[in-house]
Amino acid sequence: MKELLRNNIRNLVPYSCARDEFSGDADVYLDANENWRDFIHLDSINRYPDPLCSALRKKIEEVMLLPFENTVIGNGSDEIIDNLVRMFCNPGKDSIVLFPPSYGAYKVFADVNNVGAIEIPLLPNFDLDMAAIKKLGTENDPTKKLLFCCSPNNPTGNAYSLDTIEEICQSFKNIVVVDEAYVDFSDKGSAVSLLSQYPNLVVLRTFSKCWALAGARVGILVASSEICQTMRAMKYPYNVGLPSQKAAFHALCEAKAVRKELQNIKRVRTLYREKFQSLACVTNVYPSDANFLLVKTVDANAIWHYLTKKKIIVRNRTNQRHCENCLRIAIGSEEECRKVYEALASWRK
Ligand SMILES: *Cc1c(COP(=O)(O)O)cnc(C)c1O
């Protein structure tokens, strides 16, 4: 892994926080230039947050079974994606590999960092183009540093099998990033089970979807302790605010309720896949391993405007590759899904 790093990152001396020098409890904290007074009633908000999110990571180990040493907490997974690009890719020289249609952020962060983006489009049925991916592996180009594989994929909703992910890890020698933002909604398993065999694999998780904390901005990198240590050294020291760390901790304490709602979301997904499929303006509803349905319609632009006028906002994905006339509809409450269904049922060209 070391030889893949940018030189400046390999030789980086990490920022030293005041609280690096002291651990444990004390009565007087005058080491970090904080205001001693807590004006608003969020416990300890006058203090800097734990830069390493240790309490949260311990809880993550306990509830999600992700080992403490193998996690880094980010300001959403977006921060982690940007950190990975900045850790590994030399601007103006290196590239990332993408499988469009997929999550738009990968390309944005590549662009921001002046890093190239090489596209291997999905096949029209949304499967990975394994022949092209294996050819990429054989080519073994050292400037193609990172490969982003989103599974379950956004916006197509399908998850790739673990056998497929494993084949990619074997053939692509640089870093394979598997974005598992929606993994909780899938029955196909997590690539975390492959981490011990493939040190070039990194997995992304987030509290934004199943854990209902999109506003808190908490994402997780799961990777070898070597990659985790490097990211801890180069990230913004106080990248996750205290209320966010606490919110994620408390969400994990409610894991039982969250898992129950997860079952409910899956039930509503099955129900509305069938219901949407029966509508005159719908030509196909793709199977989904995520908390949304990709719905192919007779006219996505017209239907999107119609729904918007009725104050129903869905995502128009018609301009994405292989997604002509598709709308991406999240699984909300049963009430919300029923409103979308009824609006679609009364749509006329
Ligand atoms: C929603 C989503 C995320 C989550 O990003 P956060 O920054 O953690 O909110 C990551 N990847 C994909 C593919 C997503 O759809």
Side-chain angles (χ1 to χ4, degrees), residues 4 77 81 84-85 88-89 94-111 115-183 185-195 197-204 283-290 292-296 300 315 317-328:
L4 300 175
S77 17
I81 295 165
L84 286 167
V85 172
F88 287 107
C89 300
D94 295 334
S95 308
I96 65 171
V97 178
L98 304 176
F99 306 139
S102 193
Y103 188 44
Y106 313 135
K107 174 83 167 62
V108 173
F109 291 128
D111 289 346
V115 160
I118 289 153
E119 300 193 332
I120 302 181
L122 298 182
L123 303 174
N125 69 356
F126 303 149
D127 275 343
L128 291 165
D129 184 347
M130 286 311 282
I133 294 170
K134 291 216 167 122
K135 195 160 153 259
L136 176 85
T138 317
E139 170 194 328
N140 208 2
D141 180 344
T143 69
K144 290 169 189 162
K145 289 277 183 77
L146 296 170
L147 176 156
F148 282 90
C149 180
C150 185
S151 179
N153 189 37
N154 174 6
T156 60
N158 57 314
Y160 310 118
S161 74
L162 287 189
D163 288 343
T164 303
I165 304 282
E166 186 163 11
E167 275 182 63
I168 296 174
C169 294
Q170 283 167 351
S171 114
F172 187 77
K173 298 300 179 218
N174 295 337
I175 305 294
V176 175
V177 186
V178 179
D179 184 343
E180 294 192 336
Y182 300 98
V183 76
F185 306 101
S186 163
D187 299 320
K188 302 220 168 88
S190 166
V192 162
S193 62
L194 301 171
L195 278 172
Q197 283 164 273
Y198 300 98
N200 63 327
L201 172 65
V202 313
V203 178
L204 309 183
T283 58
N284 189 21
V285 185
Y286 294 91
S288 173
D289 296 298
F292 57 82
L293 291 166
L294 188 70
V295 179
K296 201 177 197 58
R315 198 80 199 264
R317 297 283 78 182
T318 192
N319 292 327
Q320 302 261 302
R321 199 184 308 248
H322 307 318
C323 295
E324 299 77 16
N325 281 319
C326 287
L327 300 173
R328 194 193 67 197

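Not measured: the values here are computed from a predicted model. The analysis underlying the following values was restricted to heavy atoms, covering all of them including side chains, and did not include hydrogens, waters or symmetry mates. Heads up: numbering here begins at 1 and tracks the sequence.
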Query raised in the report: Quick one: CG on Leu136 to CE on Met130, what's the gap to the nearest 0.5 Å?
Result: 10.5 Å

Query - Pairs where residues 138-164 contributes a residue and the test salt bridge (charged side-chain N to carboxylate O under 4.0 Å, His left out) is met, not counting sequence neighbours - result: Asp94-Lys145, Glu139-Lys144, Asp141-Lys144

Report summary line: By ring-ring contact (aromatic ring centres under 6.0 Å, His included), Tyr182 pairs with (sequence neighbours left out) Phe292

Query raised in the report: Distance from Ser171 atom OG to Leu147 atom CG, nearest 0.5 Å?
Result: 8.5 Å

Report summary line: So ring-ring contact (aromatic ring centres under 6.0 Å, His included) across residues 143-167, not counting sequence neighbours, yields Tyr106-Phe148

Report summary line: The salt bridge (Lys or Arg N to Asp or Glu O under 4.0 Å) partners of Arg321 (sequence neighbours excluded) come to Glu119

Report task. Quick one: do Ile81 and Tyr103 satisfy side-chain contact (heavy atoms from CB on, under 4.5 Å)? Show the steps, please. Result -> CA-CA 11 Å; Ile81 295 165; Tyr103 188 44; 4.0 Å; yes

Query raised in the report: Which atom names give the shortest non-hydrogen contact between Cys326 and Ala300, and what distance separates them?
Result: N-CB, 3.9 Å

Report task. Taking side chain to side chain contact (heavy atoms under 4.5 Å, CB included) as the test, write out the residues that go with Ser193, two or more places apart. Result -> Leu162

Query raised in the report: Does anything in residues 165-174 pair up under salt bridge (charged side-chain N to carboxylate O under 4.0 Å, His left out), and if so which pairs, sequence neighbours excluded?
Result: Lys134-Glu167

**Report entry** Partner set under side chain to side chain contact (heavy atoms under 4.5 Å, CB included) for Asn125, not counting sequence neighbours
**Finding:** Leu123, Asp127

Query raised in the report: Is the side chain of Ser288 donor-acceptor paired with the backbone N or O of Leu293 at a distance under 3.5 Å, no angle test?
Result: no

**Report entry** Check: Phe172 main-chain N/O paired with Asn200 side-chain donor or acceptor under 3.5 Å
**Finding:** yes

Query - Donor-acceptor contact present, side-chain Lys296 to main-chain Glu324, <3.5 Å - result: yes

**Report entry** Counterpart residues, side chain to side chain contact (heavy atoms under 4.5 Å, CB included), relative to Ala110 (two or more places apart)
**Finding:** Ile96, Val115

Report summary line: Contacts of Lys188 meeting salt bridge (Lys or Arg N to Asp or Glu O under 4.0 Å) (sequence neighbours excluded), chain-then-number -> Asp289

**Report entry** Inter-residue atom distance Leu294.CG - Thr156.OG1, 0.5 Å rounding
**Finding:** 7.0 Å

Report task. Tell me, please, which residues at least two apart from Ser190 pass side chain to side chain contact (heavy atoms under 4.5 Å, CB included). Result -> Glu180, Val183, Val192, Arg205

Query raised in the report: Can you list every ring-ring contact (aromatic ring centres under 6.0 Å, His included) pair that touches residues 119-139, not counting sequence neighbours?
Result: Phe126-Tyr286

**Report entry** Lys107 NZ: over 12 foreign heavy atoms closer than 6.0 Å
**Finding:** no

Report task. For residues Val176 and Tyr198, determine if any side-chain heavy atom of one lies less than 4.5 Å from a side-chain heavy atom of the other. Result -> no

Report task. To the nearest 0.5 Å, tell me how far Leu146 CG sits from Ser95 OG. Result -> 10.0 Å

**Report entry** 4.5 Å side-chain heavy-atom contact, Gln320 and Pro155
**Finding:** yes

Requested in this report: Taking the side chain as every heavy atom from C-beta outward, state whether Leu128 and Leu122 have any atom pair closer than 4.5 Å.
Outcome: yes

Requested in this report: Find the distance between CD1 (Ile133) and CD1 (Ile120) and round it off to the nearest 0.5 Å.
Outcome: 5.5 Å

Report summary line: Here the gap from Asn153 atom CG to Asp179 atom CG, rounded to the nearest 0.5 Å, amounts to 9.0 Å

Query raised in the report: Sequence neighbours excluded, which residues qualify as ring-ring contact (aromatic ring centres under 6.0 Å, His included) partners of Phe109?
Result: none

